[in-house]
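Read through the structure below, which is laid out as structure tokens, and then see the notes.
For ligands, and for the atoms within them, numbers begin at 1 and follow the listed sequence. Each residue takes its place number in the sequence, starting with 1.
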Amino acid sequence: MIDAAARPVPDLALVPRPDSLVVLPGRFTLDHRTGLRAGPGAETAAALLRELLTPATGLALPAHSDGQVALLLAPGEGDLGAEGYALTVRPDAVLLRAARPEGLLRGIQTLRQLLPPEALAAEGAQTRMPAVGWPVPCVRITDRPRFAWRGAMLDVARHFQPVAHVRRFVDLLALHKLNVLHLHLTDDQGWRMPVAAYPRLTEIGGRRAESAGDGIPHEGAYTRAELAGLVAYAARRGVSVVPEIEMPGHARAALAAYPELGNRPGVRLEPWTRWGVCENVFGVHDAVLDFCRGVLDEVADVFPGPYVHLGGDECPDAEWERSRAARARIATAGLAGPGALHGWFLATVAAHLAGLGRRPLGWTRTGAELPAPFTAMAWLDAEHGRTAALRGHDVIMAPYRSTYLDYPQSADPREPRGQDGVLDLRGVYDNEPAPAHWEPEAARHVLGTQAQLWTEYARTPAELDYLAFPRLCALADTAWSAHRDWPDFRRRLGHHQTRLAALGVRGRPLPSPHPERTAACEPTTAVRP
Ligand code: ACM
């Protein structure tokens, strides 16, 4: 809770909202005399804080055992949880404590936000600031997240994003205490992760002739070193990278590279140049399973996190209905028909992932179509998340009506092209990942929520910034804080925009605080066309 007795200081405006904040009189000044003290286990967080502040402030913040800014790991502070922290700013000292290193990483982002926005800027901002020092208001903050999974999905398959852009996106996630970057690495239109055993995946699957009739070729793929570097970069900021390799549908780029993995021997396909649901899907013969296992072995080498996303959405079974190999599989596996191959495929591949010590994640539409070990990412309606949770799945809430940031932010025809419909800032803020009316046994399965940045219509960092901000701030607030207060969020966001501007984020200007909401302000399509 924000302490009611405390003076309102409008420009504290932290995003996401801390659990408990007391504003105290006075300020600490960060200047050329300020040293940084890192207790045992806090060195990485201290080094990151220095790395974040020095370029903008011009302050060296040398390591010093008497440093006025102290970062301490205090394992005894168990009630702070895995990511909680306690931050006290007094006129003579700043003390950040956490039970775990992740908590320190969240706390240093709060400290950054307490500084003037120029302290977030890139190199050289200090030339615009007076040399007297950088004020930090005195506060006592105790903070911890409501949900453990607070993420954003970035679709690098439809439009490839160079790794420098993705790193910048990670920085912005970390600033908002978001802790998962879900990378959608493969789809019908492009395969972006190199796999040594299958080089044509990126050589052929990483290029398409055009996009939806624009006549412009599109290509891109990461190197293994880039992906490993991204994982390390993100981990240092407390963000884990979850790779998504789509199967058995959304696989046409892989089929273009290796036609023998499909259902139509002898038919050559190109990476798809249209958007929507493609009817070409992986076959179900043994060679396909060997391929998936080989790919996932490499994925597990590059991405150390516990989860691997296997997609699993939008898999038409028309090709399986016509395929002799699919009929043979149905017979040998004792399945009811082609419709059962989807679950069989995912369960078979998930068993391999389990052998690698990883947990499978999949998109769920109905809440009932994923095999038991899957954590379900519920993308259609929130109620499908509840269905999945009641079936015993852990659930990540990603309902398109409130988390798909590829919808335009208003009905104004000047908005950049997106899916049909509108998702405004309020619509994202009103997303409730575990509604109060849900059964406790459903609510306890909700790991958290995440935003989706599909990139059919967004190519450049500027276009992605516009879609993501400020809506991602709303998602971060609802994922971190249980406290709901739209006017308070809007007030904080007003100031927070100056931080985003200092970072060079080209978000959408804030709409009027009291927009008219109409029934038209809702996404109108239930599926990505
Ligand atoms: C999805 O939108 N098909 C995950």
* To do: Using a strict 4.0 Å cut-off to heavy atoms of Glu314, name the atoms of ligand 1 that fall inside it.
  => 3 (N)

* Between Phe345 and Trp320, how do the two ring planes meet: parallel, tilted or perpendicular, split at 30° and 60°? -> parallel

* Met377 and ligand 1 - part of the residue with a heavy-atom distance under 4.0 Å -> neither

* Asp313-ligand 1 polar pair, N/O distance under 3.5 Å -> yes

* Minimum-distance pair of heavy atoms, taken over all atoms of Arg100 and Ala82 -> CB-O, 3.4 Å

* To do: For Thr364, check side-chain contact (heavy atoms from CB on, under 4.5 Å) against everything at least two apart and list the hits.
  => Glu369, Leu370, Ala376, Ala378

* In terms of atom number and element, which parts of ligand 1 are under 4.0 angstrom from non-hydrogen atoms of Tyr404? -> 1 (C), 2 (O), 4 (C)

* To do: Quick one: list whatever passes side-chain contact (heavy atoms from CB on, under 4.5 Å) with Asp301, sequence neighbours left out.
  => Arg224

